[in-house]
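The structure appears below as structure tokens.
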Protein chains: 2
Amino acid sequence: MEKKIVKNFEEKLRNKGYRNTEQRQAVLSAIIDNQGRHLSTEEIYDIVKANSPDIGLATVYRTLLLLEEMNLIHKVDFNDGRSRYELNKSNEEHLHHHLVCTQCGSIHEVKDDLLEQLEKQIHEKNGFLVTNHSVKFYGLCSECQKNNSQKTYQKT
Amino acid sequence: MEKKIVKNFEEKLRNKGYRNTEQRQAVLSAIIDNQGRHLSTEEIYDIVKANSPDIGLATVYRTLLLLEEMNLIHKVDFNDGRSRYELNKSNEEHLHHHLVCTQCGSIHEVKDDLLEQLEKQIHEKNGFLVTNHSVKFYGLCSECQKNNSQKTYQKT
DNA sequence: ATTCATGCAAATCGTTTGCAACCCA
DNA sequence: TGGGTTGCAAACGATTTGCATGAAT
């Protein structure tokens, strides 16, 4: 499936008259190889630099913009002051939300499709045509809940 | 109802040994007086400066952090590169989502409570305790949809 | 009087941009 | 060859911070 993404990328580059460079391939590969990790730009930069030490941070920024424009990735924001990116899945399975632990910062994903009907409602009632959504739940992961109850014991 | 918020604020300040200053009152008032406008820090600064020209931008930033810590406001992010803030409503009615138009940037609000059951499911299945959520729908507002179909005609 | 809060300016951090060198098509 | 692409460094914009002054308790 990763090869499909790469092919798609190369094709879209050609269509727009853009060039298929090593750096662009490397950035896309880094994201594909780390699915589910929600890498920040700097993290992607570090990964790519391991194999291509000469790449510049600006190139990574520019490539991410390009990949976003081509709908291959999208930005996710976890309020930590930096942009993170996620590979776009094929339409059928793109419905997942993020659980952000406000204590340890861990991110978990949940699959769900309750949102579809909600989006229909929104179109009917508000005339607003939904093309994308961002859903995040903040709270405590099970790990932190455990730790917290332990701490209560230790305090005595 | 605004007075309730202000009382609440003053009480929380005292509880924590913080001080009730003119600047803090002014920032909170600006937010209360502009509910639904999703003001950015700079916009709040400009509003407050109209009556208190000597206030510093840093004070506004610090006060917003304080108000957030006290759970009186929360941050909303519309991907425009700046933080915006919204007053926290009482628990019963805090469920509304944002419709962000990707063309004109307008923000509409939708009331909804479909999320409650979803949050229960999440707790049961994932052991994650949801305390807050952020839900945004991106797409085209009715206005822009209209304009777009007009443009199609004009192109001929 | 003490200690917290303020305003200002400088510092910081993520991101963008100008430009000369570079390299894919 | 020529125009998109790169790396570097400088520029940028939002936010934070250090510090001396000022004000609330």
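Values in this document were obtained by computation on a predicted structure and should not be read as measured data. Letters A, B, ... are given to chains in the order of the sequence lines, protein chains preceding strands, and every chain is numbered from 1. These values consider heavy atoms only, across backbone and side chains, with no hydrogens, waters or symmetry-generated copies.
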Using OP1 and OP2 only, check whether a side-chain N or O of B:Q23 sits under 4.0 Å from C:dG7.
yes
From NZ of B:K75 over to P of D:dA14, roughly how many Å is that when rounded to an integer?
14 Å
Centroid separation under 6.0 Å, is that true for the rings of A:H74 and A:Y85?
no
Select from B:E22 and B:G81 the residue whose nearest nucleotide in DNA chain D is closer to the 5' end of that strand.
B:G81
A:Y61 side-chain N/O to C:dT16 phosphate OP1/OP2 under 4.0 Å
no
Winner on side-chain proximity to B:R19, out of D:dA14, D:dT17, C:dT2, is C:dT2
Cationic N near anionic O, under 4.0 Å, B:E43 to B:R82
no
In whole angstroms, how far is the P atom of D:dT6 from the CG atom of A:L65?
13 Å
Phosphate-side-chain proximity, B:S83 and D:dA14, N/O vs OP1/OP2 below 4.0 Å
no
With respect to the side chain of B:R24, which nucleotide from C:dA5, D:dT15, D:dT6 is positioned closest?
C:dA5
Using a 4.0 Å heavy-atom cut-off across all strands, classify B:R62 as base, sugar-phosphate, or nothing.
base
How long is the line joining CG of A:D54 and C1' of D:dT6, in whole Å?
11 Å
For the pair made of CG in B:L66 and P in C:dT6, what is the distance, rounded to whole Å?
9 Å
Atom pair distance, as rounded to whole Å: CD in A:Q25 and C1' in C:dC24:
11 Å
Between B:R14 and B:A58, the residue closer to the 5' end of DNA chain D by nearest nucleotide is B:A58
Taking everything shown except A:Q121 itself, do over 12 heavy atoms lie less than 6.0 Å from its CD?
yes
A:K75/A:E86 salt bridge by N-O under 4.0 Å criterion
no
So, is B:T21 near the phosphate of C:dT6, with a side-chain N or O under 4.0 Å from OP1 or OP2?
yes
Could you tell me whether the side chains of A:E119 and A:H133 share a donor-acceptor contact shorter than 3.5 Å?
yes
Between atom CG in B:N79 and atom P in D:dA14, what is the gap in whole Å?
15 Å
Between C1' on C:dC13 and CG on A:D80, what's the gap in Å once rounded to a whole number?
12 Å
Between C1' on D:dT6 and CG on A:N20, what's the gap in Å once rounded to a whole number?
15 Å
